[in-house]
Amino acid sequence: MEKRALWTSCYFVRFVTLFLCARASVNLPQCKETDYYFEYTECDSTGSRWRVAIPHRQGSCTGLPEPVRGTDCTFSCEAGEFLEMSSQQCTSCAAGSYSLGSGVRFDQWDSIPAGFSSLATYMDSGGSGDDSMTCNNSSWTAQGTHLESNRDDCTVSLVYAVHLMKQGSVSFDYQYVDSNVFFEFFIQNDQCQEMDQTGSEKWIKLTTSGEWGTHTVNLKTGTNILYWRTTGMLLGGKPVKPVLLKNIQIDGVAYTSECFPCRPGTFSKTPGSSACDLCPRNTYSGKGASSCTHCSETQYSQEGWSRCKERPPCSEKDYFQIHTACDGEGKTQILYRWVEPQVCVENVTGAVTLPPSAEKEDCPPCNPGFYMHNSSTCLPCPQGTYSDGTAECQRCPGGTEPSLGYEYKWWNILPRNMKTSCFNVGNSKCDEMNGWEVAGDHIRSGVGGSDNDYLILNLRVPGFKLPTSVDDASATEFGRITFIFETNCSADCELYFMIDVNRKSTNVVESWVGSKLRQAYTHIMTKNASVSYTWAFQRTNKAIDVRHYVNDIAKIYSITVTNAMDGSASGCHACAMMSQQDGSSCVPCPAGHFINKDTNQCQECPSNTFLSGHHIYGLEACQPCGPGSKSNKEHSVCFNDCTFSHMDQNRTLTYDLSALNSVGSIMNGPSFTSKGTKYYHLFNISLCGAEGKKVAVCTDNVTDLSSKDVQNESADLNNLVETFVCQSTIIPADGRGFRTALSSQSISLADTFLGASVDNSLDGVTASTDLFSEPSRKVPDINFFYRSPQPTASCLNGRSTVVTLRCSPEKSTRGELTVPSKCPAGTCNGCEFHFLWESSSACPLCTEADYHSIEGACKGGVQDTLYVWNEPKLCTKGVPLLNKTSAHCEVVGQWVKAGIGGGAFMAALLVSLTCYFWKKNKRLEYKYSRLVMSANKDCELPAADSCALAEGEGEENDDDVVYSNTPSLLGKLKAIASKADGDNSESVQLKSSQSERWVWG
């Protein structure tokens, strides 16, 4: 009953609503075609849809057309056509507009088009209100011809959502030159779930400075949300180079209901155009133009401009000088030319005129390895000959061969293997210009079309050929390039030096910003491959129409490449001979052999020496290995086999470091950029390597993921570093919302092992003792010294690394790696790196001197002996601790027995002596008593000669003697001691058997 009442109520409300709407529509005007537009409904499960009319303003008219069945959901028009919704037929685009048919294109960037949005990841100021510390002002910006990403270290995404009725694709042109920026392109569905993409589709490859790359990814049917995301890393304070985007084209939208008008500066003169053309120079156009309008005579415009500008008076910035090629008389001269196209006016007040040409002068000599032909042309010397450039080519003397290579130091014409070009990011107005101009003793950057042009100079080397006597298999250096340059700038100019190996990808090796004094730079090739060296000079990275920095220039004075395969020879070098006979040919030396100067024969280097790599002539080519290292069999490298020995206080300490042989890693941090990006520094350390082979690897996984063949390429062809010690910058997966941790900016810190020592310095590399705490034990620290000789703009002498090993018995065998607390990045100046590796493996091997014995008590005839380590124990492995030993023993020892026997003998002797002297004393008393008794009754003593008794006299009567009250010997002595001082008499009490008397004397 309640359900029925509810249904009745709803029906009544609906009836009233329809009635009121019908009453209201009676007063509305009839709808015209301009009052509404057509749209298709969503496709149903059968692939059908309806065309419905939608008023521009709700409730403004009545009588809208009834819905009709629409075209098939997969229906699309051809390029240059659009779907006219009234008739549902394809119609050609009018002149001044274009269409892609089933796609859309965005090539006009005066502002960010509708549908696009720019989102910064971290926009919370944290309450500080300081926008400079947040990403509130970071976004993609429109630059007219392209979009430009942010230049800071914020993460900013350019987002566009599109609904495809059928499978399609998206493509765009981009410029991505800075590896300090992470640039990724990914797609999400309408549930914000990231769609599956390969690494090559998600991570964008780097491009050469000034060149545009194209990236294409297939799209699925349905909603596709496109993300172009960049994250900058301002670790050194240097602003990043922005990513540039243009010509975004999306196919698969099934239909377009209107044509796109040509952007200003372009036109389409015929109906049915699929693209618009740029207006030529000195013309302009507005939006939707079918033709271009010429500028007046006092105005000018560049290609693709939407308006004309007044021509300025000519100044010194509007012309440049060139050196003419040598003529038939061997002369050249300096000429001055207006910058083309000439936009300045000469015949107005304040304008300068073109300087007159200089006098003709002699052409510079030919470059080394060339000779003069017909007084005007330099040709390379034939094979097997050489020249210094001023004389005819000559054959190398016996026992030598030509030193092939390039040596360009005179610049009258551009060498045949070099080319120059000009490239601009936003236009093509300098495409026909020379990027660099020869100038006699140097080559200089050209004028270009604008100050932000890239001025390109390229040198192509097909490969390298080592001297005949050098073994290819053991070579560590195949060639090197050295160039001398300088820059003179008043703005933020930058000179790039780039390398492209085997035509894979161009990588920036080094760059210099601002003015630089004349200096040399060297890069060593450790792999034999074809290579293209490129120099790119840009006066400023800001796009400006007016020339301000035309006088900012870069100069290169000389370029030298050694061992170039197709090079010419400027001299000869010694080679090994099969025999000392004249006419003998050069022969290769086995690995590890040098050329004896006396015999020109191959001779093996002494033990523990290595070949320097530059030459193998003479014994001095064999360089001694550093302390604690030895050479491999090929004498190509010195290495440590993870052992070490050291004399300390007349004791040899031996170390076994094999437990530290595998690569050790340390990740310090986290650190944060000024915009909050969290990052770490990862160091991989290969202490000993594998017989000199560098096994520590740091990769740039951003670029690796964009290369399908990364696993099949050598180290030089990919962005990975193989060395003894390397560093990478790691952004964790949660750092900016990445699905995986990112590794970038991989550099080598240790290409060469110098040696191991307990000293604090070796070959110019010093272990700073104040960076780590002093060792608390007597065992000395071991320092492993490394060097990376490749110079950089901030480290002119390259980088160096010291790994200090410290004995820590409480640590594990692998131990723990740490960096100085004062320098948490492992370095205090960016060039010298220090690490402390505390481990029990850094303790010396144990010897017999490291333990002692303890003897137990003799129990039951058995005595145990224990062996214990000296405390603290500062050794490992080596001699093992002896087990407990047991030996037979007696309860009373021999020495105890001897003591008892000696004591008993002495006691017996003492008793015997006591008895003897006691008996002797008794006899003396007896004789004395007899003597007293025999005295006369008148108390006169007998004379001395008559009173004495003969020996043995009276002995027969000894038994008859009766002693009565006779004082003891002790009593007599007391009596003598107690007599008066003035009395010389002695009182002795004498008793006989008859009478008793006192005798005084």
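Quick note: numbers below take in every heavy atom, side chains included, and nothing from hydrogens, waters or symmetry partners. One is the number of the first residue; the rest follow in order along the sequence.
Under the 3.5 Å distance criterion, with hydrogens and angles disregarded, no donor-acceptor pair is assigned to the side chains of Thr420 and Asn458. Looking only at atom types and distance, the side chain of Gln175 has no donor-acceptor partner in the side chain of Thr207 under 3.5 Å away. Side-chain contact check for Asn596 and Gln601: no donor-acceptor pair (N or O, by modelled atom type) lies under 3.5 Å. Side-chain contact of Glu494 with Tyr496: a donor-acceptor pair under 3.5 Å is present, judged by distance alone. For the residue pair Thr482/Thr560, the side-chain donor-acceptor check at 3.5 Å is not satisfied. Checked by atom type, the side-chain pair Ser403/His573 shows a donor-acceptor distance below 3.5 Å.
No donor-acceptor distance shorter than 3.5 angstrom exists from the side chain of Thr400 to the backbone of Cys572, with no hydrogens or angles considered. Within the 3.5 Å criterion, the main-chain N or O of Asp173 finds no donor-acceptor partner in the side chain of Thr214. Under the 3.5 Å distance criterion, the side-chain polar atoms of Tyr406 are left unmatched by any main-chain donor or acceptor of Pro415. Under a 3.5 Å cut-off, the side chain of Tyr176 and the backbone N or O of Val181 do form a donor-acceptor pair. Judged by distance alone, with hydrogens and angles left aside, the side-chain atoms of Thr723 form a donor-acceptor pair with the main-chain N or O of Ala750 at under 3.5 Å. Judged purely by atom type and a 3.5 angstrom limit, Asp178 uses its side chain to pair as donor or acceptor with the backbone of Lys241. Panel note: side chain Ser746, backbone Val721; no donor-acceptor pair is recorded below 3.5 Å. A donor-acceptor pair under 3.5 Å links the side-chain atoms of Asn367 to the main chain of Trp410, judged by distance alone. Remark: the backbone N or O of His548 is paired with a side-chain donor or acceptor of Asp451 at under 3.5 angstrom. Here the side chain of Lys555 pairs no donor or acceptor atom with the backbone of His442 at under 3.5 angstrom.
Within a 6.0 Å sphere centred on NZ of Lys516, heavy atoms belonging to other residues, nucleotides or ligands number more than 12.
Within the structure, the salt bridge (Lys or Arg N to Asp or Glu O under 4.0 Å) test picks out no pair touching residues 383-406 (sequence neighbours left out).
A distance below 6.0 Å separates the ring centres of Phe483 and Phe485.
Trp436 places none of its side-chain heavy atoms less than 4.5 Å from the side chain of Trp411. Taking 4.5 Å as the limit, some side-chain heavy atom of Arg416 sits within range of a side-chain heavy atom of Asp566. At least one side-chain heavy atom of Asn417 sits less than 4.5 Å from a side-chain heavy atom of Leu459. With contacts defined as side-chain heavy-atom distances shorter than 4.5 Å, the pair Glu477/Thr526 does not qualify. Between Leu611 and Phe594 there is a side-chain heavy-atom pair separated by less than 4.5 Å. Between Ile499 and Val508 the shortest side-chain heavy-atom distance does not fall below 4.5 Å. Side-chain atoms of Pro382 and Cys393, non-hydrogen and from C-beta on, do get closer than 4.5 Å to each other. In this structure, Tyr386 and Cys381 have side chains that are not in contact, with every pair of non-hydrogen atoms separated by 4.5 Å or more.
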(request) Evaluate ring-ring contact (aromatic ring centres under 6.0 Å, His included) for Tyr521 paired with Trp512, printing each intermediate quantity in order. (result) CA-CA 11 Å; Tyr521 180 82; Trp512 299 266; 5.4 Å; yes
(request) For the pair Asp763 and Arg787, evaluate salt bridge (Lys or Arg N to Asp or Glu O under 4.0 Å) and give the outcome as yes or no after the intermediate values. (result) CA-CA 10 Å; Asp763 196 15; Arg787 175 179 285 126; 3.2 Å; yes
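Note: Tyr786 and Phe753 have tilted aromatic rings, judged against thresholds of 30 and 60 degrees for the angle between ring planes. Between Phe497 and Trp535, the ring-plane angle classifies as tilted under the 30° and 60° cut-offs.
Put simply, OG1 on Thr487 and CG on Leu517 are 8.5 Å apart, with the number rounded to the nearest 0.5 Å. Distance check: Cys831 SG to Arg799 CZ gives 7.0 Å after rounding to the nearest 0.5 Å. In this structure, Cys378 SG and Asn412 CG are separated by 7.5 Å, a value rounded to the nearest 0.5 Å. Atom CZ of residue Phe537 and atom SG of residue Cys489 lie 4.0 Å apart, to the nearest 0.5 angstrom. Atoms NE2 and SG, from His593 and Cys602 in turn, are 7.0 Å apart once rounded to the nearest 0.5 Å. Distance check: Cys422 SG to Leu455 CG gives 5.0 Å after rounding to the nearest 0.5 Å.
The cationic atom of Arg518 (NZ for Lys, CZ for Arg) lies less than 6.0 Å from the six-membered ring centre of Tyr557 and within 45° of the ring axis.
Listed by chain and residue number, Asp362 satisfy the side-chain hydrogen bond (donor to acceptor under 3.5 Å, both in side chains) test with Lys331 (two or more places apart in sequence, or in another chain). The side-chain hydrogen bond (donor to acceptor under 3.5 Å, both in side chains) test applied to Thr540 returns Asp492, not counting sequence neighbours.
The pair Lys597-Glu620 meets the salt-bridge criterion, since a charged nitrogen lies less than 4.0 angstrom from a carboxylate oxygen. Under the 4.0 Å criterion applied to side-chain N and carboxylate O atoms, Asp327 and Lys360 are assigned as salt-bridge partners.
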